Amino acid sequence: MNGAYTTPLRIGARGFSVREQLLLRSLVRIAGTPLPRPWEFVEEAPYHALFSSVGVDDGDGAGDGDMEPAAEGVARIPVQGPLESERIALLLDTLKQDLPRLAAGLSAFSAERAIASAAASSAIEAAAGPGHPEPADDGAAVMRRLTSRGDRTPFAWMDGVERVVVVNPATRTWYVPGMTAATPASSAVRDVAARLVRGGLRYVVLSPADMADMTDLGSDSGPDAGSNGAAGAEPDGAAASAQRLELLLWHVGLLVSPEGVLPEVRRTRRLRLARWPDFGSFGSDALQLKLSAFLVSRSYSIDELVLAAGGAGERVVAFLNACALCGLFVSDATDDRPDPRESSAPRQFGDVMRMVRSALGMAQG
Amino acid sequence: MPNAYKLLFAGTAGAGKTTAIARISDIPPISTDVSTETRPNEDEATTVTLDFGECSLPGGHKLLLYGAPAQPRFQFMWRIVARGVVGIVFLVDNSRPDPCADLQGFLDAFAEQLAHTVAVVGVGRSAEHPSPPMEAYYDLLERRGLSLPVFAVDVRQRGDVLLLIDSLFHQIEAGAPAAHVKFAAR
């Protein structure tokens, strides 16, 4: 016997009366006594072995238990019912022969996986508290939840039993369990954003107790570093590593729809930024700075903006999506295109800025 | 003929003006710090006159970096050093009791320059002191009809100082008012 087996052999019965099930249990107890592997009679799937009354659906999805193949990894023991007294002796003989063979030779890997999966589900349900866990979220559901302003209940996205990210809408913060001071927030947020956009993570609601280890960024209790140390300071431990929700929204927005414009952007005819994105926290590149400067100065259509930015349509769209998720757009921007006769920045300025950027090692705008 | 172009760093004592200039200057910053022992509310050695640094540009041109003295009693110097600047970098220390009021004071003092000069706000120590949030600064600017960038920065990081300067340039390129003001030559 494989000593690696730690779960008992799960034996079930479907399609039998209560009296017949009790009888079957007794028979199995008699026939299974010498089994080298522990076993138990269980009421619910998953099963390693299943007594199935012929003509009854065994729950394997075949829709009919009448000698249909059993679910993968489940050894089915068909029993021609009803269990009359003359059949009992015959069945007992069968069990005495079959059960040891089943226990020793059962290719139960599928069942083992099913059992592990059931355990994971139970853990998720426990984490979710009362009620049923939600199905896995796709990218659209992720965005909907992240941008929802109505529900302030803390929640997490889970991959199996692992919490990928915990979000507290009330304080507009998030954190990655296990993230330490040594984990740069910039790399963590990109990783989390990519996983969220990819979808397939399960949404669970958390209780206040689950959030006890999450620092409220709204408090002003941090130590004074004695220098101008905003971006460079790392919090101590996972409990102190909560980040602003806008940081996550920004990076999700950059990734969320490389092939298309978010509806929030598409339905806006003229786009104008109410304020600059916080590039000190988000990180930035020259194009994002350029686009921000354009969109703060006046309104643009998407086409005008792509043209002004010198192409790079996909990156422009990613930027717009990120701004939209962070709620940075003016809702009713008017068409304020300047008179084309107005001069743009004098050529001299362009030369000066080119020189300065080159001297300081900055990317050319 | 070689020209000089000026950038001005303004902010309260300890906001990081000297540090920011040191991160990008070709020369060690010339700081005219003096002891403030007689003024117990001020840093022991803080900039009471000017900080100065410079970056050499091709063709003999120079980018001059000025740190404005923080103390209100030197306010008369602010307008002098702000004359003809390419842009103004306002540095705010979020650990101070009322950093929004600090910024408000500088916006008042430089109101005339802001009508035709690009500017940016760098907020330091916001990680340890998240309150007030960035939104408070944006609200303040909006009430004054200004749409300046506000970034959480650590001016000990050269990249953060470059971000502040680059945002000034992008505003000019996008047609912000300063683009229509001739740069002053030294």
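Everything numeric in this text was worked out from a predicted model, so none of it was measured. Throughout, protein chains are lettered first and strands after them, A, B, ... in sequence-line order, and every chain is numbered starting at 1.
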(message) Strictly below 4.0 Å, N to O, side chains only: are B:Asp166 and A:Lys290 in salt-bridge contact?
(response) no
(request) Salt-bridge test for A:Arg270 and A:Glu304: reply yes if a basic N is under 4.0 Å from a carboxylate O, no otherwise. (result)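 Salt bridge between A:Arg270 and A:Glu304, a charged N being under 4.0 Å from a carboxylate O: yes.
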Using heavy-atom distances under 4.5 Å, tell me whether [X] contacts chain A through its side chain, its backbone, both, or neither.
{"X": "B:Ser147", "result": "both"}
{"X": "B:Leu63", "result": "side chain"}
{"X": "B:Leu148", "result": "backbone"}
{"X": "B:Phe169", "result": "both"}

(request) Locate the shortest heavy-atom distance separating A:Trp276 from B:Gln171; write the atom from each residue and the value. (result) CZ2-CG, 3.6 Å
(request) I would like to know whether B:Tyr137 and B:Asn94 meet side-chain hydrogen bond (donor to acceptor under 3.5 Å, both in side chains); could you show each step before the answer? (result) CA-CA 11 Å; B:Tyr137 294 103; B:Asn94 226 38; 2.4 Å; yes
(message) Between A:Met362 and chain B, with a heavy-atom cut-off of 4.5 Å, which part of the residue counts as in contact: side chain, backbone, both or neither?
(response)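 Just the side chain, heavy atoms under 4.5 Å.
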(request) Under 4.5 Å heavy-atom distance to chain B, tell me which part of A:Ser281 shows up: side chain, backbone, both or neither. (result) both
(request) Heavy atoms only, distances under 4.5 angstrom: which of B:Ser167, B:Ala20, B:Pro58 has the most pairs with chain A? Name it, please. (result)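 Among the listed options, the one with the most contacts to chain A is B:Pro58.
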(request) Output the option from A:Phe279, A:Phe282, A:Phe294 having the highest count of non-hydrogen pairs under 4.5 Å with chain B. (result)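 Most heavy-atom pairs within the cutoff with chain B belong to A:Phe279.
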(message) Can you see whether A:Phe319 has A:Arg315 sitting over its ring - NZ or CZ less than 6.0 Å from the centre and within 45° of the normal?
(response)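 Checked: cation-pi criterion not met.
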(request) Could you tell me which residues satisfy ring-ring contact (aromatic ring centres under 6.0 Å, His included) with B:Phe106, sequence neighbours excluded, listed by chain and number? (result) B:Trp78
